[in-house]
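A quick write-up on the structure given underneath.
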Amino acid sequence: MTLWLSAGMIFTFAAIAVILLKWGNMKVIGVTPVHTFTFIAILFTSGLDVGLIMFPLTEFAGYANVTENPEYGFANPLAIEFGFWAFLIWGFYFLTCFYFAIIEPRVKFFEITPVKIINNVVIIGTCAFTAYLLLANLPWYLPQLGDGESVVPAFYIIVFVSIALAVYSSSKLKYVRILSVGSSILFIALISFMWVRAFVIGQGSPDEFFGTAGLLTEYFTNIHQFILPINDYHEFYLFWWFAWSIMIGQFTARFVSGIRTWQLLIAMLVIPSVAIGVWFTVLYQYHREGLEVMALTNIAMISVGVLMVINSLDSLIRLYTDNLNLTAERFGQFNYLLFNFIAMAGLTMLFKLEFLQIQWVGALVIALYFSCFAYILSTKSRDVFSIDSSPKDRVLDFHKVDEVDEAHSSA
């Protein structure tokens, strides 16, 4: 598996380099473009899940323990955490977003029946894994509802309600903008609240924030260390990012706002990384100073995390139901809601029983990468390398996203 993953990583970064050299200055327009701010909000909230909120405080100590984990000795825990979540690996999303916006309309590889089936299996499986992560981490963040270790009925209720809300919101495209922008605003509010407690009324100081944030430079001076798997845990993360990459690329490609390819790369690598870097810096201060995460803070973190889960599931459910023509317009609102809720809840339980592994999904995505490349070389190379613009039917009309829902409503 490690060799397969390493091959996928090398191929991904090589493909990004080719895209920049060949099409770096080309304007990229999605089917339903939105304003750039909205696009970034959709990218950030769809491309991340509850792990961003829940994982860091549980992981810093492991990255600091270089006695048991000497492979982490090249950088501090904050830089390691940042490397697992930010910057370089957002290139996965850039690659797939560009492919689905520019290349797939000419190639139509994902319209081949077996590929279409595998693609939607990946989307549905990763959807369920997102809900499972919420379920698995709730005991640590809400010990008030249990013993801090076991999953209790209240946690199942939280997860199932989140799934139900996501299924409902996925029935209308307009909810994507509301959820994405709303999630982004609440995430910024959460960062601000915890920053004030850590660096103003806590043991730190506002100036100390910049000193702590400076630890992130060790990521950039050691960025080459993150290109290939560091250990099994990093391998898990990379497979997870691969699993997300295909579907996030498909989803976000719809909304690209007409910016140039190099600008799209910067937007996808830098802007989310700034937010992640600030958030992780605040959390690292809590870890380093031993600050207690109060019940109110826990509730705020869980609330934002749940909203991120709803936002991510909304995007992914919308994607696979469109791909498979399992839409509310075709089957009716009630049947649509019931089918997707049962499917997501059932698959979440399979992950809970460890019947499914996200690494398998990530490995399958890497196989799709290589298969698509082989298909292009064998049948579509001339078509692809003659591309010099977005598809001719793409118009930079920011009202198209509203017209889609209106068309569905009248169907």
In the structure I gave you, are the side-chain heavy atoms of Leu190 and Met301 within less than 4.5 Å of one another anywhere? yes
Sequence-distant partners of Phe74, ring pair (Phe, Tyr, Trp, His ring centres under 6.0 Å), two or more places apart: Phe226
May I ask you to decide if the ring planes of Tyr156 and Phe160 are parallel, tilted or perpendicular, using 30° and 60° as cut-offs? tilted
Taking side chain to side chain contact (heavy atoms under 4.5 Å, CB included) as the definition, give me every residue that meets it alongside Ser192, ordered by chain and number, with sequence neighbours left out. Ile188
Do you know which two heavy atoms are closest between His234 and Ile230, and how far apart they sit? ND1-N, 2.9 Å
Taking every heavy atom of Asn325 against every heavy atom of Arg330, the minimum-distance pair comes out as O-NH1, 2.8 Å
Centres of the Phe55 and Phe84 rings: under 6.0 Å? no
Can you check side-chain contact (heavy atoms from CB on, under 4.5 Å) on Phe60 and Ile80, steps first, answer last? CA-CA 9 Å; Phe60 287 134; Ile80 298 289; over 6 Å; no
Under 30°, 30 to 60°, or over 60°: which ring-plane class applies to Phe255 and Phe251, parallel, tilted or perpendicular? perpendicular
Using modelled atom types and a 3.5 Å cut-off, is there a donor and acceptor pairing between side-chain atoms of Ser169 and backbone atoms of Ala166? yes
Between Phe94 and Trp90, is the ring centroid distance below 6.0 Å? no
List the atom of Pro33, the atom of Ile29, and the distance in Å for their closest heavy-atom pair. CG-CG2, 4.4 Å
To the nearest 0.5 angstrom, please state how far the CD1 atom of Ile317 sits from the CZ atom of Phe339. 10.5 Å
Indicate yes or no: at least one non-hydrogen side-chain atom of Tyr336 is less than 4.5 angstrom from one of Thr321. yes
Assess the residue pair Asp322 and Arg318 against the criterion (salt bridge (charged side-chain N to carboxylate O under 4.0 Å, His left out)); give the C-alpha distance rounded to whole Å, side-chain angles, the decisive distance to 0.1 Å, and a yes or no. CA-CA 6 Å; Asp322 278 355; Arg318 173 86 186 191; 3.4 Å; yes
Short question: side chain of Ser245, backbone of Phe242 - any donor-acceptor pair under 3.5 Å? yes
Check: Tyr93 ring centre within less than 6.0 Å of Trp241 ring centre: yes
If only atom types and distance count, is the side chain of Ser6 paired as donor or acceptor with the main-chain N or O of Leu228 below 3.5 Å? no
By side chain to side chain donor-acceptor pair (under 3.5 Å) - contacts of Tyr168 (at least two apart): none
Tell me if the aromatic rings of Phe373 and Tyr369 count as close, with their centers under 6.0 Å from one another. no
Hey, does the side chain of Arg394 reach the backbone of Ala101 with a donor-acceptor pair shorter than 3.5 angstrom? yes
Pairs touching residues 210-220 that satisfy side-chain hydrogen bond (donor to acceptor under 3.5 Å, both in side chains), sequence neighbours left out: Asn76-Glu218, Thr212-Gln285, Thr212-Arg288
Would you confirm whether Ser390, through its side chain, and Lys27, through its main-chain N or O, come within 3.5 Å as a donor-acceptor pair? yes
List the atom of Ile227, the atom of Met9, and the distance in Å for their closest heavy-atom pair. O-CE, 2.9 Å
Going by the rule side chain to side chain donor-acceptor pair (under 3.5 Å), which residues pair with Glu104 if we only count those two or more places apart in sequence or in a different chain? Tyr99
What about Trp244 and Phe92, are their ring centers closer than 6.0 Å? no
Sorted by chain and number, sequence neighbours left out, side chain to side chain contact (heavy atoms under 4.5 Å, CB included) with Asn69 holds for Asn65, Glu71, Tyr72
Would you say the side-chain atoms of Trp23 pair up with the backbone N or O of Ile102, donor to acceptor, closer than 3.5 Å? no
Strictly by modelled atom types, are Glu81 and Tyr284 linked by a side-chain donor-acceptor pair under 3.5 Å? no
Set of residues satisfying ring pair (Phe, Tyr, Trp, His ring centres under 6.0 Å) with respect to Phe370, sequence neighbours excluded: Trp4, Phe11
Going by the rule side chain to side chain donor-acceptor pair (under 3.5 Å), which residues pair with Tyr375 if we only count those two or more places apart in sequence or in a different chain? none
Run the side chain to side chain contact (heavy atoms under 4.5 Å, CB included) test against Leu165 and tell me which residues pass, sequence neighbours left out. Val161, Ile310
Parallel, tilted or perpendicular: which one describes the rings of Phe82 and Phe220, with boundaries at 30° and 60°? tilted
Can you name the residues that form a ring pair (Phe, Tyr, Trp, His ring centres under 6.0 Å) with Tyr286, not counting sequence neighbours? none
Not counting sequence neighbours, which residues clear side chain to side chain contact (heavy atoms under 4.5 Å, CB included) with Ile117? List them please. Thr113, Val121
Any side-chain to backbone donor/acceptor pair from Trp279 onto Leu52? Under 3.5 Å, distance only. yes
Considering residues at least two apart in sequence or located in another chain, which fulfil the ring pair (Phe, Tyr, Trp, His ring centres under 6.0 Å) criterion with Tyr320? none
